[in-house]
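Just so you know, residue 1 is the first one in the sequence shown, and it goes up from there. Quick caveat: nothing in here was measured; it's all calculated off a predicted structure. Whatever order the structure lists them in is the order used to number ligands and atoms, beginning at 1.
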Amino acid sequence: RGEITLGDFADRLGIGSSELIKKLFLKGQMLTINSPISFELAEELAVDYDALVEEEEEIELDFGDKFALEITDKPEDLIERAPVITIMGHVDHGKTSLLDAIRTTSVASGEAGGITQKIGAYQIDKAGKKITFVDTPGHEAFTDMRARGAQVTDIAILVVAADDGVMPQTIEALSHAKAANVPIIVAINKIDKPEANPMRVKQELMEHGLVSVEWGGDTEFVEVSAKARMNLDTLLDTILITSEILELKANPKKRAKGIVLESRLDPKVGPIADVLIQEGTLRIGEVIVAGESMGKVRALVNDLGTKVQSATVSQPIEIIGFNDVPSAGDTFYVIQNEQHAKRIVEEMAKERKIAEVSRKSISLETLSQQMD
Ligand code: GTP
Ligand code: MG
């Protein structure tokens, strides 16, 4: 168990370090901004700020060799955040078209073969409320992306084409959403088609445990058409009502943390990571770590392609500044300085190697047993 400096601790509490220095001085302790604070002292001080200091494994990353520290958010720092909505479903059932219709853009027509091969994330405004959408591929090859999409979401939208009905990836997507334990809204799409049969979709989904509200269940079904732009407002209203019940809040004052949705190497600008911010605010110049990649935020590009100075909770953002391409699915953290970040990355690499070695020795063992 290590230590944290007074300055870092004040930061975490969201107060000025001079306030802490004064408080401690009055208690007869002369400390400076760089003085280490013990776990016990941190616990004692936190009480005055309604904060709770506890050791927590995951947060250890944040502090490197210092002690792990999690401070519960002060109620007044929590503000409403945009819901994250993941669109899932079978291939070609119209997920990207539906998002396009909602955003009134045209991503689907620019895709190779009309097939989505990556996760796309966008934010829209509806009646002054922001909603973040995550589009996932429906092709059977992209199970990982659907699973990742379900893990980051607050609500899953299951898109089912009214002419095609429930198909294998509909069921797969449903199981990801159930595993993630998030509310599910069903969007029955393509109701403009003459052969559309929304009733059949409802019956088929009932067999998988989704019973529509009108049939006495608790799943909202909305019949839409991306092509004819039908009932899009109803779908958005249903999303907003469902997210209000969830009372989604976040603390924008924290150091940012989030998940890497996609990453790639751009020959001109270097590694690019598409991330979804899940905590705090991310700013240009901050030191970041994701898995074994680290770097410094050089540029932030929002979903409209505009460069911005900062990004906040629930916002999808492109980060330029990683030294290597981080892996999709990795969590990224803002770290207080490069020295710490380096140590964390080295630690991650060491742990991975240990894991690899033990896996190797296990397989050698089983191999030699088989040969005996
Ligand atoms: P993947 O991402 O590859 O899984 O596909 P997707 O679910 O995103 O489907 P996409 O939006 O690419 O649409 C597939 C096809 O269905 C396209 O040809 C669309 O034009 C068509 N389509 C989508 N929505 C509608 C709709 O509401 N009505 C009709 N008639 N066609 C639609
Ligand atoms: Mg698509």
D192 heavy atoms within 4.0 Å reach ligand 1 at atoms 26 (C), 27 (O), 28 (N), 29 (C), 30 (N)

Could you tell me which non-hydrogen atom of I33 sits nearest to which non-hydrogen atom of S17, and how far apart they are? CD1-OG, 3.5 Å

Where is the tightest heavy-atom contact between V345 and G291, given as atom of each residue plus distance? CG2-O, 4.3 Å

If you scan protein heavy atoms around atom 22 (N) of ligand 1, the nearest is K190 CE, 3.6 Å

Is the shortest side-chain N to carboxylate O distance from E347 to R352 below 4.0 Å? no

Heteroatom distance test (L98, ligand 1): nitrogen or oxygen, under 3.5 angstrom: no

Result for side chain to side chain contact (heavy atoms under 4.5 Å, CB included) between I239 and one of V222, I102, I157 points to I157

Please indicate whether any nitrogen or oxygen in A226 is less than 3.5 Å from any nitrogen or oxygen in ligand 1. yes

So if you build clusters from Ile, Leu, Val, Met, Phe, Trp, Tyr with side-chain heavy-atom gaps below 4.5 Å, do V297 and V301 land together? no

Which of the atoms of ligand 1 are close to K95, meaning less than 4.0 Å from one of its heavy atoms? 1 (P), 4 (O), 5 (O), 6 (P), 7 (O), 8 (O), 9 (O), 11 (O)

Under 4.0 Å from a heavy atom of K193: give me the atoms of ligand 1 that qualify, with their elements. 30 (N)

Atom indices of ligand 1 within 4.0 angstrom of T96 heavy atoms, with elements: 2 (O), 6 (P), 8 (O), 11 (O)

Checking a contact table here: which protein heavy atom is nearest atom 3 (O) of ligand 1, and how many Å away? T116 N, 3.2 Å

For ligand 1, which atoms sit closer than 4.0 Å to a heavy atom of V91? 3 (O), 4 (O)

Closest non-hydrogen atom pair between I288 and K296, with its separation: CG1-N, 4.2 Å

Distance to 0.1 Å, residue and atom name: give those for the protein heavy atom nearest to atom 20 (O) of ligand 1. S97 OG, 4.3 Å

Closest approach of I317 and I277, non-hydrogen atoms and distance? CG2-CD1, 4.0 Å

When you measure from atom 9 (O) of ligand 1 to every protein heavy atom, which one gives the shortest distance, and what is it? G94 N, 3.2 Å

Distance-minimising heavy-atom pair for I191 and N231: CD1-ND2, 4.5 Å

Can you check whether S225 has an N/O within less than 3.5 Å of an N/O in ligand 1? yes

For atom 18 (O) of ligand 1, state whether the nearest protein heavy atom is under 4.0 Å away. no

Heteroatom N/O/S of T96 within less than 2.8 Å of the Mg ion (ligand 2): yes

Residue N337 excluded, over 12 heavy atoms near CG under 6.0 Å: yes

Identify the heavy atoms of A161 and H93 that sit nearest to each other, and give their distance. N-ND1, 3.1 Å

Within the supplied structure, the quantity of interest is the number of heavy atoms (other residues, nucleotides, ligands) at a distance under 6.0 Å from E247 CD; does it exceed 12? no

So which heavy atom in the protein is nearest atom 5 (O) of ligand 1, and how far is it from that ligand atom? D92 N, 3.1 Å

Return the residue, atom name and 0.1 Å-rounded distance of the protein heavy atom closest to atom 12 (O) of ligand 1. G114 O, 3.3 Å

Quick one: look up the protein heavy atom nearest atom 24 (N) of ligand 1 and list residue, atom name and how far away it is. N189 ND2, 3.2 Å

Backbone or side-chain N or O of G138 under 3.5 Å from ligand 1 N or O: yes

